[in-house]
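Whatever order the structure lists them in is the order used to number ligands and atoms, beginning at 1. In this text the structure is predicted, and so the values were computed from the model without any measurement. Starting from 1, each residue takes its place in the sequence as its number.
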Amino acid sequence: MKALITGITGQDGSYLADLLLAKGYQVCGMVRRSSTETFERIGHIRDRLQLVQADLLDPTSLVQALREVRPAEIYNLAAQSFVPTSWSQPVLTGEFTGLGVVRMLEAVREVCPEARFYQASSSEMFGKVREVPQNELTAFHPRSPYAVAKTFGHYITVNYRESYGLFAVSGILFNHESPRRGREFVTRKISDGVARIKLGLARELRLGTLDAQRDWGYAGDYVRAMWSMLQQATPEDFVIATGQTHSVRQFLEIAFDHVQLHWQDYVVQDPRFLRPAEVDQLVGDATKAREKLGWKPTVPFEELVRMMVDADLELLGG
Ligand code: NDP
Ligand code: GDR
């Protein structure tokens, strides 16, 4: 089996590549041209991967990448994925995160319509939530240019399945974290900040709202769900979540407790990190995934927080 992963240099791409290699797949990653390589997360498997250069902005490059690889499965994980950047670069976010999906789907239609296609959709599409918890039937109310772009990506995937009979599925994944999470996301910002403060490398940690609540899971568990969705007899969309929600404040408490410090002594609330529109609380209902995919999360919240703090302590030499 041959799989193509767009966004292989990101958090999820690297875990998915680990999983597919362990299953015996030939794994190919799509990477964009850069003056410096961004292969930090795939360094440990670099020699087992085929890499092709292409960019979501360039349709010809996508067609060429698919012609070169001829994948049986395509995981479209590439996106501008940081919500605050989507307000400062809304057009680019729309291009990457929204239109990038239809460019991929058009390339699939042209080159390998028999391939199975996974789209990385997001709980951010629920935004200002209509019901609690959120499932596959919950209406969307996106609250950022990122979420609006993801909503387009979601519906265009559904539409190409319904219009052209593609095996195209959309995974509506709630937040998932790991030691490979980008440092600007709040969980990694906290675990990195805690490690720096503990080791005497920093004195404070500046954050936005502490009240926001998220359904946080472990990325390693979530990539298993992506793979399972493409192994089903019929293409369907699934919500993937733990079903539990915690505030940024609770994340802080556990992270600082783990190194025997009090978060109140170090955390400074900084209006620069507030968003023009906030998503206050997300919590997912993954009953369908449990019943049809046999999927369930394996890493509880407290363990995830401690895993991330320990990894950052080790990385910084503590
Ligand atoms: P990351 O931000 O860690 O990775 C994004 C990837 O997309 C990187 O490999 C990046 O490449 C690539 N990329 C960005 N723009 C382009 C482009 N124009 N052409 C080609 N590649 C590009 O994201 P995650 O791994 O956390 O998330 C994976 C996907 O899942 C994203 O689509 C995200 O929006 C979505 N998602 C994530 C969730 C989460 O909690 N992590 C939850 C729900 C959805 P480079 O290294 O060159 O920058
Ligand atoms: P999110 O993740 O926006 O949910 O999107 P992020 O970790 O950026 O924010 C989570 C919550 O924490 C609050 N917050 C802060 N966030 C950041 N980044 N920095 C801060 O200093 C800070 N202080 C408080 C935020 O306001 C927010 O409420 C992630 C991304 O991975 C998306 O790509 C993905 O689709 C969704 O998760 C599901």
N/O separation below 3.5 Å, [X] to ligand 2:
X: K189; answer: yes
X: L207; answer: no
X: N175; answer: yes
X: V186; answer: yes
X: W216; answer: no

Flag the pair [X] and [Y] as a salt bridge only when some basic side-chain nitrogen lies within less than 4.0 angstrom of an acidic carboxylate oxygen.
X: K292; Y: E236; answer: yes
X: R188; Y: D312; answer: yes
X: R161; Y: D237; answer: yes
X: R46; Y: E40; answer: no
X: R196; Y: D192; answer: yes
X: R33; Y: D55; answer: no

Could you tell me if any non-hydrogen atom of [X] lies under 4.0 Å from any atom of ligand 1?
X: F82; value: no
X: M30; value: yes
X: R180; value: no
X: E124; value: no

Please identify which atoms of ligand 2 are closer than 4.0 Å to at least one heavy atom of [X].
X: F273; value: 21 (O)
X: G208; value: 21 (O), 22 (C), 23 (N), 24 (C)
X: A212; value: 28 (O)
X: V248; value: 12 (O)
X: S123; value: 38 (C)
X: F82; value: 8 (O), 18 (N)

Legend entry - Set of side-chain hydrogen bond (donor to acceptor under 3.5 Å, both in side chains) partners for S14, sequence neighbours left out: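 With sequence neighbours excluded, S14 shows a side-chain hydrogen bond (donor to acceptor under 3.5 Å, both in side chains) to R180, given in chain and number order.
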Inset, instruction - State which residues pass salt bridge (charged side-chain N to carboxylate O under 4.0 Å, His left out) with E314; sequence neighbours excluded, sorted by chain then number. - result: none
Legend entry - Region of H176 that comes within reach of ligand 1 [heavy atoms, distance under 4.0 Å]: both
Legend entry - Cation-pi geometry met for R181 and F185 (6.0 Å, 45°): yes
Inset, instruction - Tell me whether the guanidinium CZ or amine NZ of R109 lies under 6.0 angstrom from the six-membered ring centre of Y164 and within 45° of its axis. - result: yes
Inset, instruction - With heavy atoms only and a cut-off of under 4.0 Å, state how R249 meets ligand 2: side chain, backbone, both or neither. - result: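 Looking at R249 and ligand 2, no heavy atom falls under 4.0 Å.
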Inset, instruction - Would you kindly specify which portion of R275 sits under 4.0 Å from ligand 2, judged on non-hydrogen atoms: side chain, backbone, both or neither? - result: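 Under 4.0 Å from ligand 2, R275 contributes side-chain atoms alone.
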Legend entry - Polar proximity ligand 1 side, D55 side, N/O cut 3.5 Å exclusive: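 The answer is yes, given that D55 and ligand 1 share an N or O pair closer than 3.5 Å.
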Legend entry - Backbone or side-chain N or O of L77 under 3.5 Å from ligand 1 N or O: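 Yes; at least one N/O pair falls below 3.5 Å.
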Legend entry - Heavy-atom proximity to atom 24 (C) of ligand 2, best of T209, L274, T85: T209
Legend entry - Top protein contact for atom 10 (C) of ligand 1, by heavy-atom distance: T9 OG1, 4.0 Å
Legend entry - atom 14 (C) of ligand 1: nearest protein contact (heavy atom, Å): A79 O, 3.3 Å
Inset, instruction - Please confirm whether Q281 comes under 4.0 Å of ligand 2, counting heavy atoms of the residue only. - result: no
Inset, instruction - Would you mind listing which atoms of ligand 1 come within a distance below 4.0 Å of any non-hydrogen atom of T38? - result: 46 (O), 47 (O)
Legend entry - Residue of the set D221, D215, N175 for which side-chain hydrogen bond (donor to acceptor under 3.5 Å, both in side chains) holds with T242: D215
Inset, instruction - Kindly state whether the ring of Y222 and the ring of F174 have centres lying under 6.0 angstrom apart. - result: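 Ring centres of F174 and Y222 not closer than 6.0 Å.
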Legend entry - Geometric class of the Y75/Y118 ring pair [parallel <30°, tilted 30-60°, perpendicular >60°]: tilted
Legend entry - Intermediate values then yes/no, ring pair (Phe, Tyr, Trp, His ring centres under 6.0 Å), F117 and F167: CA-CA 6 Å; F117 181 88; F167 193 110; over 10 Å; no
